[in-house]
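Here the structure comes first, spelled out in structure tokens, and everything after it is commentary.
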Amino acid sequence: MKITLSVIKADTGSIGGHNKPSAAMVKVAHEQVDKAIASGLLVDGRVTFTGDDIALLMTHTRGVDNSDIHKLAWDTFLETTKVAKSQGLYGAGQDLLKDAFSGNVRGMGPGSAEMEIEERAAEPFLVFAGDKCGPGVFNYPLFEAFASPYHNAGLLLAPDMMAGFTFVIMDVNNTEADKVITLKVPQDYYDLCTLLRDPNHYVIEKVIENASGLQAAVASTSRLHNIAGKYVGKDDPVAIVRSQKQFPSTGEILSPWALAHYTLGDNRGSHHVAVMPVVQNSIISYFDGPTIMSAAGYCVHEGKLTEAVDYFEQPFWDVIREKATLKTLEMRAQGFYGPSMAGMDELEYTGVMENLKRLDAKFEVREHTK
Ligand code: F6R
Ligand code: MG
Ligand code: MG
């Protein structure tokens, strides 16, 4: 059966600062999704949150970029915004950057990752949802899971996977239109590394298996900064990854997250911290962070979802959380110097730029050194 998996997420308001949506907001989102299941628009759906972002996981038969599905998500976020406003929550409607819905949430603020698949007899997949980070957070773990035998032992051991994978990479700085490049591993391995080393500029949009042509993964690629022209919160991306058989195993997909890699995000979207793997529905705290990522596993059958397995709940990840804390504290100890804070082109607030202009006027050129 052909089924579409859609994850659409948005920050529409939060208790405290940018910490978590209220229970009333989540309840309203549940009601909207349940109504859409009852009406037949959705086959199934789930509502979760990660930090201050609410994510709707929806299954349906309408394909990707379907305007009814996107409208459902948009309207749901309008409803959660109403609740946030009525409760006086912070940042109510933060990610709803346009006044009127125009057929698709892309470019309007909410993030979306969608994939139409022909369901396999058993169809396991993972949903990743992050807060206080940009879509480039997936560069390291997705590339490693699909291209590196360090994590994906199947590339050496499983004949099904030996032909490797194709990556579609988006240049997220090109705001006029989608600008993408398609590269394959193993052939284009170094070219891929050349792009992915800059995760604020080039991000993985899709992964496709070479042997079968089946799509394995999709990530949201929106950059709120690029849509709004100013800082309106980090992008807080989501991704869907299929697992097992011709794809990496679930554990191979999770393996790279044990690095607790550094990414740009955290406080004011402008600091490098280590990604902390967390359980679903986790909150934000230290330094408006740390950057967090949840991973939920499901099987989908004729569009119906199982309950989730919350991967980062397993005790193994306790040590990784501690490692992420220590790595983040080490970086934070350096405050605003060098790599601790974002480089000039990625600073999400304008204060430094404005000050530099003022200070530049006060610089004096020593005449005799000309
Ligand atoms: C980062 C984030 C927070 C805010 C910070 C200031 O993505 O959401 O670190 O940038 O709390 O928020 P405002 O500008 O809303 O006062
Ligand atoms: Mg926010
Ligand atoms: Mg957020």
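Ligands are counted one by one from 1 in listed order, and the atoms in each one are counted from 1 as well. This chain uses plain numbering: 1 for the first residue, then up along the sequence.
Criterion: ILVMFWY side-chain heavy atoms under 4.5 Å apart, direct or through other members. Under it, F125 and L254 are not part of a common hydrophobic cluster.
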Contacts table for ligand 1: protein N or O within a distance under 3.5 Å of ligand N or O, distances only.
{"from": "ligand 1", "atom 1": "7 (O)", "to": "Y231", "atom 2": "OH", "distance (Å)": "2.7"}
{"from": "ligand 1", "atom 1": "9 (O)", "to": "R268", "atom 2": "N", "distance (Å)": "2.8"}
{"from": "ligand 1", "atom 1": "9 (O)", "to": "D288", "atom 2": "OD2", "distance (Å)": "2.7"}
{"from": "ligand 1", "atom 1": "10 (O)", "to": "Y349", "atom 2": "OH", "distance (Å)": "2.8"}
{"from": "ligand 1", "atom 1": "11 (O)", "to": "D288", "atom 2": "OD2", "distance (Å)": "2.6"}
{"from": "ligand 1", "atom 1": "12 (O)", "to": "H18", "atom 2": "NE2", "distance (Å)": "3.2"}
{"from": "ligand 1", "atom 1": "12 (O)", "to": "Y349", "atom 2": "OH", "distance (Å)": "3.4"}
{"from": "ligand 1", "atom 1": "14 (O)", "to": "Y349", "atom 2": "OH", "distance (Å)": "2.6"}
{"from": "ligand 1", "atom 1": "15 (O)", "to": "H18", "atom 2": "NE2", "distance (Å)": "3.0"}
{"from": "ligand 1", "atom 1": "15 (O)", "to": "Y90", "atom 2": "OH", "distance (Å)": "2.7"}
{"from": "ligand 1", "atom 1": "16 (O)", "to": "Y90", "atom 2": "OH", "distance (Å)": "3.0"}

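Q280 and S294 share no side-chain donor-acceptor pair at under 3.5 Å. In this structure, a donor-acceptor pair under 3.5 Å is present between the side chains of S6 and H60. Between the side chains of T166 and N210, at least one donor-acceptor pair of N or O atoms lies under 3.5 Å.
Aromatic ring pairs are classed by plane angle as parallel below 30°, tilted from 30° to 60° and perpendicular above 60°; the pair Y140 and H261 is tilted. Below 30°, between 30° and 60°, or above 60°: for F312 and F128 the angle between ring planes is between 30° and 60°, a tilted geometry.
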message = Walk me through whether Y311 and F316 qualify under ring pair (Phe, Tyr, Trp, His ring centres under 6.0 Å).
response = CA-CA 10 Å; Y311 289 118; F316 174 88; over 10 Å; no
request  = Check the pair H272 / Y262 against ring pair (Phe, Tyr, Trp, His ring centres under 6.0 Å), numbers first and verdict last.
outcome  = CA-CA 6 Å; H272 288 110; Y262 285 112; 8.0 Å; no
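The minimum heavy-atom distance linking T221 with I204 is given by the pair CG2-O, 4.1 Å.
Note on the Mg ion (ligand 2): protein N, O or S atoms under 2.8 Å away count 2, no waters included.
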